[in-house]
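Just so you know, these numbers come straight off a predicted model, no measurement behind them.
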Amino acid sequence: MIRTYALLAWTWTRAAAQYPLSFALMTAGGLVVGGLDVAVIWVIFANTGELAGFGLTEVMFLYGASQLAFALADLLFGNVDKISQHIVAGTLDVMLIRPASPFVQVAADRFTPHRLGRSIQAGAVLAAGLAGLDVPLGRVWMVPVMVVSGIVIFAALFTLGGALQFLLTAAPEVANAFTYGGATLTQYPLSVYDTRIVRGMTFALPLAFVNWQPGLYVLGRPDPLGLPSWTGLLSPAAALALAAVAALAWRAGIRRYRSTGS
Amino acid sequence: MIEADRVGRTFTVRRRVVHAVRDLSFRVGAGEFVACLGPNGAGKSTTIKMLTGILTPTSGRVQVAGLDPSRRRTALARRIGVVFGQRTTLWWDLPLRDSLELVRLLYKVDRKVFRERLDEMCDLLDLGGFLATPVRQLSLGQRMRGDITAALLHDPAVLVLDEPTIGLDVVSKAEVRDFLRRLNAERGTTVLLTTHDLGDVERLCRRVLLIDHGRLAFDGTVDGLRATAPGRASIEDVVAELYLRSRTTPRTPPAPRPAPDGPSATA
């Protein structure tokens with residue numbers, strides 16, 4: 001699986017290198033978009049000094065953690081929610097006759113490292129936020145765990161979005177609402193939202209486990225919903241549960257695949 | 001080598017259930033060269049897709065090279081080669097040589113075996129002149145030869161081709177046909193192809209499967225097929241008459257009929 005992914009990703013990277021100007025522009029574009037996000041945070045803090053009870057470094061930490069997880073999940077698996085293009089063009093047929101998982105082939109399809117720019121930018125914000133905080137060593141270990149859990153959660157969302165497209169070929173945007181929407185929702189401390197939304201993100205679609213719950217644990221802050229502090233430690237479990245659901249949905253999707261006319 | 005046992009596939013189109021293939025049974029033995037004919041929309045491609053693991057049958061049982069295609073898809077992929085006339089299996093932006101190298105790595109073909117195989121194919125299909133050309137710049141004839149090479153690098157026991165000669169000029173068509181005939185005769189590769197080009201059938205195939213309205217309408221030799229419409233001069237006319245006959249009786253397609261003098265199924 002990993003070997004096949006690396007092989008295809010390397011192939012696409014070489015193919016993309018045929019168009020160096022396009023590559024440079026896409027990388028620059030990614031950095032500008034990411035930079036605007038950070039600018040918004042700066043503008044907020046230039047005016048208020050805190051956001052829903054969280055200081056600048058804490059918000060940078062929460063933002064960096066969720067955006068790093070999302071950028072890496074998008075880099076590695078973001079193409080899975082473009083499966084409807086492969087269904088319509090008939091290229092999924094070609095993937096299904098090769099001795100490799102169609103999931104890996106779709107995920108690695110048109111792999112382009114320019115999305116790495118976004119990850120580096122998010123990683124820098126996360127590092128800057130952490131540097132400004134005084135997180136005790138006994139809780140710092142949770143930071144890489146939450147980033148990896150976040151990657152798994154976003155990857156599972158991309159997969160669910162892809163699986164949905166076996167049913168709704170014509171509506172790939174529905175999936176984007178959850179993936180890109182999830183990334184946007186988790187940019188800020190969840191306490192800025194209505195508690196009903198936060199509950200939904202904790203118990204239904206586990207977006208709160210990307211950076212909010214584990215973030216509260218790292219920051220040593222109580223949960224506004226009153227959940228115990230160890231809730232944040234459940235991130236890996238929540239991520240795995242969502243990944244299992246996504247894997248089942250994907251399998252069901254492949255079995256229901258209808259191909260195209262010819 | 002290929003076994004279909006009462007295979008069916010339905011699609012739900014606007015809440016109506018459409019039977020693309022129903023109750024299709026046939027066997028293809030090792031080393032056979034079989035053509036699958038049928039009017040547009042008869043279920044040929046659906047059948048091919050069930051045999052290659054792309055589609056899961058809704059009823060019945062399929063076995064190819066000893067495997068259930070939809071359950072053991074990746075294992076099957078190592079034993080069969082598939083060529084689509086209408087779309088390439090190669091990577092659009094890569095030179096043909098790199099595309100083939102990637103296929104080699106995906107199928108885990110030994111580097112030395114690959115070299116020998118590629119040299120042989122270069123000889124037979126005259127690939128040498130365009131190995132360095134990106135696939136998107138190849139002519140259709142060159143692309144088809146590249147696709148056939150890619151499908152055969154892992155030396156599969158079965159080669160399945162969906163309309164391999166579609167759109168090819170007379171010379172390219174002859175080259176592809178000649179190559180397939182030699183592959184079947186010299187390596188003993190089992191070949192199953194779908195086509196609308198009856199030249200393919202007459203020049204290559206000993207056996208014809210005619211699929212119509214998702215059912216097997218004829219299974220036998222080319223001569224046997226001719227005998228079903230006596231008085232018709234060319235095979236084209238025979239097939240045209242068979243297609244027309246079934247069109248006038250769309251709800252009751254002809255029942256599967258044993259071939260008068262077809263080869264008996266050999267496993």
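Counting heavy-atom pairs closer than 4.5 Å to chain B, the top-ranked of the candidates Leu8(A), Ile254(A), Leu96(A), Thr4(A) is Leu96(A).
Shown are Val83(B), Thr89(B), Val160(B); of these, the side-chain contact (heavy atoms from CB on, under 4.5 Å) with Ile97(A) is made only by Thr89(B).
Heavy atoms only, all atoms of each residue included: Lys49(B) and Ser259(A) are closest at NZ-OG, 2.6 Å. For the pair Arg73(B) and Pro102(A), the tightest heavy-atom approach, listed with the atom from each and the gap, is NH2-CD, 3.0 Å. Minimum interatomic distance between Thr74(B) and Ala100(A) (heavy atoms only, all atoms of both residues): CG2-N, 3.5 Å.
In this structure, the side-chain contact (heavy atoms from CB on, under 4.5 Å) partners of Leu168(A), at least two apart in sequence or on a different chain, are Leu164(A), Ala171(A). Ser59(B) meets the side-chain contact (heavy atoms from CB on, under 4.5 Å) test with no other residue; sequence neighbours excluded.
Note that the CG atom of Asp93(A) and the OG1 atom of Thr52(B) stand 7.5 Å from one another [nearest 0.5 Å]. To the nearest 0.5 Å, atom CH2 of residue Trp12(A) and atom CG of residue Leu94(B) are 7.0 Å apart.
Only the side chain of Asp98(B) comes within contact range of chain A, with at least one heavy atom under 4.5 Å from a heavy atom of that chain. Thr88(B) touches chain A through its backbone: at least one of N, CA, C or O sits under 4.5 Å from a heavy atom, while the side chain does not.
Looking only at distances, a side-chain donor or acceptor of Arg258(A) sits under 3.5 Å from a matching main-chain atom of Thr12(B).
Among pairs with a residue in residues 147-166 of chain A, none fulfils salt bridge (charged side-chain N to carboxylate O under 4.0 Å, His left out), at least two apart in sequence or across chains.
Residues of residues 105-112 of chain B lying under 4.5 angstrom from chain A, judged on non-hydrogen atoms, are Leu105(B), Leu106(B), Tyr107(B), Lys108(B) in numerical order.
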For this session: In sequence, state the C-alpha distance, the side-chain angles, and the governing distance for Arg256(A) and Leu55(B), and then conclude on side chain to side chain contact (heavy atoms under 4.5 Å, CB included).
Result: CA-CA 8 Å; Arg256(A) 264 178 203 80; Leu55(B) 288 175; over 6 Å; no
Exercise. Stepwise, does the side chain to side chain contact (heavy atoms under 4.5 Å, CB included) test hold for Asp93(B) with Arg110(A)?
Worked result: CA-CA 10 Å; Asp93(B) 287 324; Arg110(A) 307 210 162 262; 4.0 Å; yes
